[in-house]
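Here is the structure we will look at.
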Amino acid sequence: MEKFKVEIWRKDKVEIIYQPLNQVEMQEVIDNISKKLDIRLCCDSLLFTKLSEVLIDQMILLNINEPDGFECLVSKLNLNIPRDIVVDVIWNYDSIDCFEFDVLKKSWEYIWYGTSDEMCLLYFPDINFVIMLTDYGTIYYKWL
């Protein structure tokens, strides 16, 4: 998670609970996704490029950058997700944070900034689903 986001949360007196993953945990997440997609992914700069080659289901959601963008995304994908399910947010090849689904839903406007976040991957290990978001509104997704 970028430091400026945490500073905004503090300034606005918003508490968002998340867990940054260490190197070993990040590699485990990437390895798990690799196995389920049957491709070789590494924690490197080609991570999103390789993912974009296999996440062929897509849709346009121009309001993903809005405060209700995440809730709209979940609704459009018709996902029925329990509040306490874990979501790994892969920001880039060296930054993965773990959130509860309910935190993402309630605090999306403080987590995703379309002006600075170019893309990220949302991995739902408990339901075997991934979503790759882009700042320009193209959403890639796949059941694993």
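- Applying the salt bridge (charged side-chain N to carboxylate O under 4.0 Å, His left out) criterion to Lys36, with sequence neighbours excluded, gives no partner residue.
- Contact of the Arg83 side chain with the Lys106 side chain is registered, since non-hydrogen atoms from C-beta on lie closer than 4.5 Å.
- Remark: Tyr113 pairs with Phe4 by the ring-ring contact (aromatic ring centres under 6.0 Å, His included) rule, at least two apart or across chains.
- For the pair Ile30 and Gln27, the minimum side-chain heavy-atom distance is below 4.5 Å.
- Separation of atoms CD1 (Ile96) and CG (Leu47) is listed at 7.5 Å; rounding is to 0.5 Å.
- Among all heavy-atom pairs drawn from Trp91 and Ile111, the shortest one is CH2-O, 3.3 Å.
- Apart from Ile60 itself, the hydrophobic cluster it occupies contains Leu62, where clustering links Ile, Leu, Val, Met, Phe, Trp and Tyr at side-chain heavy-atom distances under 4.5 Å.
- Look at Lys5 and Asp97 and you find no salt bridge, because none of the NZ, NE, NH1 or NH2 atoms lies under 4.0 Å from a carboxylate O.
- Remark: Gln58 CD is packed, more than 12 non-hydrogen atoms of other residues, nucleotides or ligands lying under 6.0 Å away.
- Shown here is Glu118, whose CD atom has no more than 12 heavy atoms of other residues, nucleotides or ligands within 6.0 Å.
- The ring-ring contact (aromatic ring centres under 6.0 Å, His included) search around Phe124 returns none, not counting sequence neighbours.
- Leu79 contributes atom CG, which lies 7.0 Å from atom CG of Leu73 (distance to the nearest 0.5 angstrom).
- With rounding to the nearest 0.5 Å, the separation of CG in Asp102 from CD1 in Ile85 is 12.0 Å.
- With sequence neighbours left out, Tyr18 forms a ring-ring contact (aromatic ring centres under 6.0 Å, His included) with Trp9, Phe99.
- Residues Met119 and Leu122 do not share a hydrophobic cluster, clusters being chains of Ile/Leu/Val/Met/Phe/Trp/Tyr side chains in contact below 4.5 Å.
- In the displayed structure, Asp12 atom CG is contacted under 6.0 Å by more than 12 heavy atoms of other residues, nucleotides or ligands.
- When the side chains of ILVMFWY residues are joined at heavy-atom separations under 4.5 Å, either directly or via intervening members, Leu77 and Val54 end up in two distinct hydrophobic clusters.
- Atom CG of Asp94 sits about 10.0 Å away from atom OG of Ser45, to the nearest 0.5 Å.
- Judged purely by distance below 3.5 Å, without hydrogens or angles, the side chains of Trp112 and Asn65 pair a donor atom with an acceptor atom.
- A side-chain donor-acceptor contact under 3.5 Å links Asn92 to the backbone of Ser95.
- Scanning for ring-ring contact (aromatic ring centres under 6.0 Å, His included) contacts around Tyr123 gives an empty result, with sequence neighbours left out.
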Exercise for review: Any chance you could lay out the side chain to side chain contact (heavy atoms under 4.5 Å, CB included) test for Val89 and Leu104, step after step, and finish with the verdict?
Suggested key: CA-CA 10 Å; Val89 179; Leu104 283 177; 4.2 Å; yes

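- Distance check, rounded to the nearest 0.5 Å: CD1 of Ile131 to NZ of Lys142 gives 14.0 Å.
- With rounding to the nearest 0.5 angstrom, the CG atom of Leu51 is 10.5 Å from the CG atom of Leu46.
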